[in-house]
Colleague: 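Below is one structure. I have some questions about it.
Fair warning: this is a prediction, and the values are worked out from it, not measured in the lab.
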Amino acid sequence: MADQPSVSIRKYIKWGEKASSEPTSTLVLTSPLKNFVDIRVLLPTSPILDPPRLEWAFAGTSHSTPASAEGDKPAHTVWEHWVDSKVTNAEEVKDEGDMFLQDNGEVLESGIMVNPDTGKEEKYEECWVDLDLQGEKVGWVLKMEDGEARSRGVAIRIGRWIEGIIRRGEKVTVARWRYKNDEGGTGWIREVAIGRFDFPERMLGKDAVEVGNCFEGMKGEVWKVMESFTWN
């Protein structure tokens, strides 16, 4: 049975013995089959940002192993990158960490990765918080790949959130939408955009789609539905 989808924000990151802080707006969407999009933009955010405001964005699939029954090994997660804002060879990125569930429901992730401020590998700790799954209980995963154009893209919707990343050669674009439903009106609001995110924007108005359906993006690229799901 597939897992529930999740929408997570990062509460803080801590490098080595330094104090914890959160310099970014980080939101991760993970589908039931563990496809994910992870976008991290430097604070403060706005609907349109310059490329230097993007700290990191990547998408791919993840897999986890539970903690051992004996308690000598923690739960562990590996994130396999398929598209990455920092490198063109995304599959070679090493991204994994030990996961520790806290009594309050937050998750501490610890491991070793490159500190963007120093360029060196350092021990880190991140604190993750799952958000309530608000909005329509609808989700989908779209993927795009054009080998000749060296293009790859992933977009995921979970309820009221959509995030996506596209890499075309050396150029990277990302976007984040949130569905608004309040006194000010209803509709999809673009919360973050770096570059022109050329995916089929008519998907913003679609709920039910079928796996295998294809939609043409604004540059003529074909986006394929890899997952379509609901939840209780």
Colleague: Can you measure from CD (Glu191) to NZ (Lys180) and round to the nearest 0.5 angstrom?
Modeller: 11.0 Å
Colleague: Look up atom CE in Met144 and atom CD in Glu216, then write down how far apart they are to the nearest 0.5 Å.
Modeller: 12.0 Å
Colleague: Do Arg202 and Phe215 come close enough that some side-chain heavy atom pair is under 4.5 Å?
Modeller: yes
Colleague: Can you tell me how far apart CD (Glu17) and NZ (Lys123) are? Round to the nearest 0.5 Å.
Modeller: 8.0 Å
Colleague: Grab the two heavy atoms, one from Val37 and one from Ala59, that are nearest each other, plus how far apart they are.
Modeller: CG2-CB, 3.9 Å
Colleague: Write down the atom of Arg190, the atom of Ala193, and the distance for their closest heavy-atom approach.
Modeller: CD-CB, 3.3 Å
Colleague: Could you tell me if the side chain of Trp128 sits less than 4.5 Å from the side chain of Ile9, heavy atoms only?
Modeller: no
Colleague: Indicate yes or no: does Asp3 engage Lys34 in a salt bridge with an N to O separation below 4.0 Å.
Modeller: yes
Colleague: Could you tell me whether the side chain of Ile13 reaches within less than 4.5 Å of the side chain of Cys127, counting heavy atoms only?
Modeller: no
Colleague: Applying a strict under-4.5 Å side-chain criterion to I, L, V, M, F, W and Y, I'd like to know whether Val83 and Leu27 cluster together.
Modeller: yes
Colleague: Determine the minimum heavy-atom distance between Glu96 and Val78, stating which atoms define it.
Modeller: CB-CG2, 3.8 Å
Colleague: Whether Asp84 and Lys86 form a salt bridge (side-chain N of Lys/Arg under 4.0 Å from carboxylate O of Asp/Glu) is what I want to check.
Modeller: no
Colleague: Quick one: do Val41 and Ile189 end up in the same hydrophobic cluster if we chain Ile, Leu, Val, Met, Phe, Trp and Tyr together by side-chain heavy atoms under 4.5 Å apart?
Modeller: no
Colleague: Within this structure, what is the NE2-OG1 distance for the pair His81 and Thr61, rounded to the nearest 0.5 Å?
Modeller: 9.5 Å
Colleague: Evaluate the criterion side-chain contact (heavy atoms from CB on, under 4.5 Å) for residue pair Glu122 and Thr118; output intermediate values, then yes/no.
Modeller: CA-CA 9 Å; Glu122 299 179 24; Thr118 65; 2.7 Å; yes
Colleague: Salt bridge or not between Glu121 and Lys94? Use side-chain N to carboxylate O under 4.0 Å.
Modeller: no
Colleague: Decide yes or no on side-chain contact (heavy atoms from CB on, under 4.5 Å) for Trp140 and Ile162, but give the supporting numbers first.
Modeller: CA-CA 9 Å; Trp140 39 252; Ile162 296 175; 4.0 Å; yes
Colleague: Could you pull out all donor-acceptor pairs under 3.5 Å where a side-chain atom in residues 43-51 meets a protein atom, sequence neighbours excluded?
Modeller:
residue: Ser46; atom: OG; partner: Ile48; partner atom: O; Å: 2.9

Colleague: Do Leu29 and Leu204 share a hydrophobic cluster (ILVMFWY, side-chain heavy atoms under 4.5 Å, transitive)?
Modeller: no
Colleague: If you compare all heavy atoms of Gly105 against all heavy atoms of Leu101, which two are closest, and at what distance to 0.1 Å?
Modeller: O-CD1, 3.8 Å
Colleague: For Thr24, which of Arg10, Glu55, Arg53 qualifies under side-chain hydrogen bond (donor to acceptor under 3.5 Å, both in side chains)?
Modeller: Arg10
Colleague: Tell me, yes or no, whether the heavy-atom count around Asn104 atom CG, taken from other residues, nucleotides or ligands under 6.0 Å, exceeds 12.
Modeller: yes
Colleague: Would you name the heavy atoms of Gly139 and Trp231 that are closest together and state the gap between them?
Modeller: N-CZ3, 3.9 Å
Colleague: Checking Ser228 side chain against Val209 main chain: does a donor-acceptor pair fall under 3.5 Å?
Modeller: yes
Colleague: Counting C-beta onward and ignoring hydrogens, is there a side-chain heavy-atom pair between Lys171 and Ile166 closer than 4.5 Å?
Modeller: no
Colleague: Flag yes if Ile39 and Val129 sit in one hydrophobic cluster, no otherwise; membership is Ile, Leu, Val, Met, Phe, Trp, Tyr, and two members link when side-chain heavy atoms are under 4.5 Å apart.
Modeller: yes
Colleague: Can you confirm whether or not the ring centre of Trp188 sits under 6.0 Å from the ring centre of Tyr179?
Modeller: yes
Colleague: Flag the pair Glu227 / Asn35 as yes when at least one side-chain heavy-atom distance between them is below 4.5 Å, and no otherwise.
Modeller: yes
Colleague: Once you measure the plane-to-plane angle for Phe58 and Phe36, does it fall in the parallel (<30°), tilted (30-60°) or perpendicular (>60°) bin?
Modeller: perpendicular
Colleague: Distance from Ser20 atom OG to Trp15 atom CH2, nearest 0.5 Å?
Modeller: 13.5 Å
Colleague: Report the C-alpha separation of Phe229 and Val141 in whole Å, then their side-chain angles, then the decisive distance to 0.1 Å, and conclude whether the side-chain contact (heavy atoms from CB on, under 4.5 Å) test is met.
Modeller: CA-CA 9 Å; Phe229 51 89; Val141 177; 4.3 Å; yes
Colleague: What do the steps show when you test Ser8 against Asp130 for side-chain hydrogen bond (donor to acceptor under 3.5 Å, both in side chains), and what is the final call?
Modeller: CA-CA 4 Å; Ser8 306; Asp130 282 349; 2.6 Å; yes
Colleague: So, are Glu106 and Lys11 salt-bridged, with charged N and O less than 4.0 Å apart?
Modeller: yes
Colleague: So which pairs with a foot in residues 142-178 pass ring pair (Phe, Tyr, Trp, His ring centres under 6.0 Å), sequence neighbours left out?
Modeller: Trp177-Phe197, Trp177-Phe199
Colleague: Are Ser110 and Tyr124 side-chain neighbours, meaning at least one heavy-atom pair lies under 4.5 Å?
Modeller: no
Colleague: Under the 3.5 angstrom rule, does the side chain of His76 hit a backbone N or O of Gly97 as a donor-acceptor pair?
Modeller: yes
Colleague: Search all heavy atoms of Ser151 against all heavy atoms of Glu221 and return the closest pair with its distance.
Modeller: OG-OE2, 3.6 Å
Colleague: Backbone N or O of Asp117 within a donor-acceptor pair of the Asn115 side chain at under 3.5 Å?
Modeller: yes
Colleague: With no hydrogens and no angle check, is any side-chain donor or acceptor of Asp146 less than 3.5 Å from a backbone partner on Ala149?
Modeller: yes
Colleague: For Arg168 and Asp198, what are the C-alpha separation, side-chain angles and deciding distance, and is it a side-chain contact (heavy atoms from CB on, under 4.5 Å)?
Modeller: CA-CA 11 Å; Arg168 295 186 178 93; Asp198 297 314; 3.6 Å; yes
Colleague: Would you say Ile194 and Thr173 make side-chain contact, with heavy atoms under 4.5 Å?
Modeller: no
Colleague: Are any of the side-chain heavy atoms of Val172 and Ile165 separated by less than 4.5 Å?
Modeller: yes
Colleague: Scan side-chain atoms only and decide if Ser85 and Arg167 contain a donor-acceptor pair under the 3.5 Å cut-off.
Modeller: no
Colleague: Is there a path from Val222 to Val211 through hydrophobic residues (I, L, V, M, F, W, Y) whose side chains come within less than 4.5 Å of each other?
Modeller: no
Colleague: Taking Glu126 first and then Arg40, would you say they form a salt bridge - that is, a charged N and a carboxylate O separated by under 4.0 Å?
Modeller: yes
Colleague: To the nearest 0.5 Å, how far apart are OG1 in Thr30 and CD1 in Ile156?
Modeller: 7.0 Å
Colleague: Would you say Gln4 and Ser6 are linked by a side-chain donor-acceptor pair, where the criterion is simply a distance under 3.5 Å?
Modeller: no
Colleague: Could you work out the complete set of other residues in the hydrophobic cluster of Phe100, with links drawn between I, L, V, M, F, W and Y side chains under 4.5 Å apart?
Modeller: Tyr12, Leu108
Colleague: Hey, are Glu91 and Arg152 close enough for a salt bridge, meaning a charged N less than 4.0 Å from a carboxylate O?
Modeller: yes
Colleague: Do other residues, nucleotides or ligands put more than 12 heavy atoms under 6.0 Å from Asp182 CG?
Modeller: yes
